[in-house]
Amino acid sequence: MPYQLAQLNLAVTKAPLDSPVMIDFVANRERINALAAAAPGFVWAYQPQAGDASALLQSTNTVLFHLSVWRDPGALSRFVYRGDHAEMIRRRKEWFTGLAQPHTLLWWVAKNHRPTVQEAKCKLDLLLKNGPTREAFTFKRIFSP
């Protein structure tokens, strides 16, 4: 069975999205998401519903997440760490607080599977409980499918 890579990225904002602190992030969010959708190896991205983020992480600030599927770790890594998205990564401390847990989670899914928020939450719980395993891992230690 062919596999694809699911990824969850979590972020807790330093301020509300409509605040001056967040203006550059918000101004670039749609453009960066469009670049992701056009990137080689991009498969799918979840469209969040109200309240989804609170199911993933409890916080007094706004929690943002991005759940997507990519062809493989290389395709995701090239998008994340090169080009316009890399500039956003370099600036992340302007907009987001540090997390005491991993902010990126990866796991393999069957081709054509679209993960749910609940599935992502279960995978996040596995990573936090067990550290990186074949079921849930990070860029620091990638497991094969």
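Basis for what follows: all heavy atoms, side chains included, without hydrogens, waters or symmetry-related copies.
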**Request:** Could you give me the CA-CA distance, side-chain angles and deciding distance for V109 and R114, then say whether side-chain contact (heavy atoms from CB on, under 4.5 Å) is met?
**Result:** CA-CA 8 Å; V109 295; R114 303 299 177 247; over 6 Å; no
Looking at every heavy atom in both [X] and [Y], which two are closest together, and how far apart are they?
X: P73; Y: W108; value: CD-CH2, 3.5 Å
X: L10; Y: F65; value: CD2-CB, 3.8 Å
X: P40; Y: R71; value: C-NH1, 4.3 Å

**Asked** Distance-only, no hydrogens or angles: does the R134 side chain make a donor-acceptor pair with backbone N or O of F143 under 3.5 Å?
**Response** no
With rounding to the nearest 0.5 Å, note down the distance linking [atom1] in [X] to [atom2] in [Y].
X: R141; Y: T133; atom1: CZ; atom2: OG1; value: 9.0 Å
X: S77; Y: D72; atom1: OG; atom2: CG; value: 10.0 Å
X: N33; Y: H85; atom1: CG; atom2: NE2; value: 8.5 Å

**Request:** Decide if atom CD of E87 counts as having more than 12 heavy atoms of other residues, nucleotides or ligands within a radius under 6.0 Å.
**Result:** yes
**Prompt:** Going through the distances and angles, do Q118 and T116 end up as a side-chain hydrogen bond (donor to acceptor under 3.5 Å, both in side chains)?
**Reply:** CA-CA 5 Å; Q118 185 57 41; T116 65; over 6 Å; no
**Asked** Taking T138 as the fixed residue, which of L105, L106, L127 is the one that meets the side chain to side chain contact (heavy atoms under 4.5 Å, CB included) rule?
**Response**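 For T138, the side chain to side chain contact (heavy atoms under 4.5 Å, CB included) check succeeds only for L127.
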Hey, quick one: are [X] and [Y] part of the same hydrophobic cluster, counting side-chain heavy atoms closer than 4.5 Å, chains of contacts allowed?
X: L8; Y: L126; value: no
X: V21; Y: I23; value: no
X: L128; Y: V63; value: yes

Can you tell if the side chain of [X] reaches within under 4.5 Å of the side chain of [Y], non-hydrogen atoms only?
X: V69; Y: Q7; result: no
X: N28; Y: F25; result: no
X: L17; Y: L64; result: yes
X: P115; Y: Y46; result: no
X: W95; Y: M88; result: yes
X: L35; Y: D84; result: yes

**Item:** Full working for side-chain contact (heavy atoms from CB on, under 4.5 Å) between F96 and M22
**Value:** CA-CA 9 Å; F96 304 109; M22 300 300 295; 4.2 Å; yes
**Request:** Please confirm whether W70 and F79 have ring centers closer than 6.0 angstrom.
**Result:**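 Judged by ring-centre distance (under 6.0 Å), W70 and F79 do meet the cut-off.
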**Asked** Using the benzene-type ring in the case of Trp, are the ring centres of W107 and F137 under 6.0 Å apart?
**Response** no
**Request:** Indicate whether any N or O donor in one side chain lies under 3.5 Å from an N or O acceptor in the other, for H113 and Q4.
**Result:**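 Not at all, the side chains of H113 and Q4 share no donor-acceptor pair under 3.5 Å.
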**K121 bridged to D125 by N-O distance under 4.0 Å** = yes
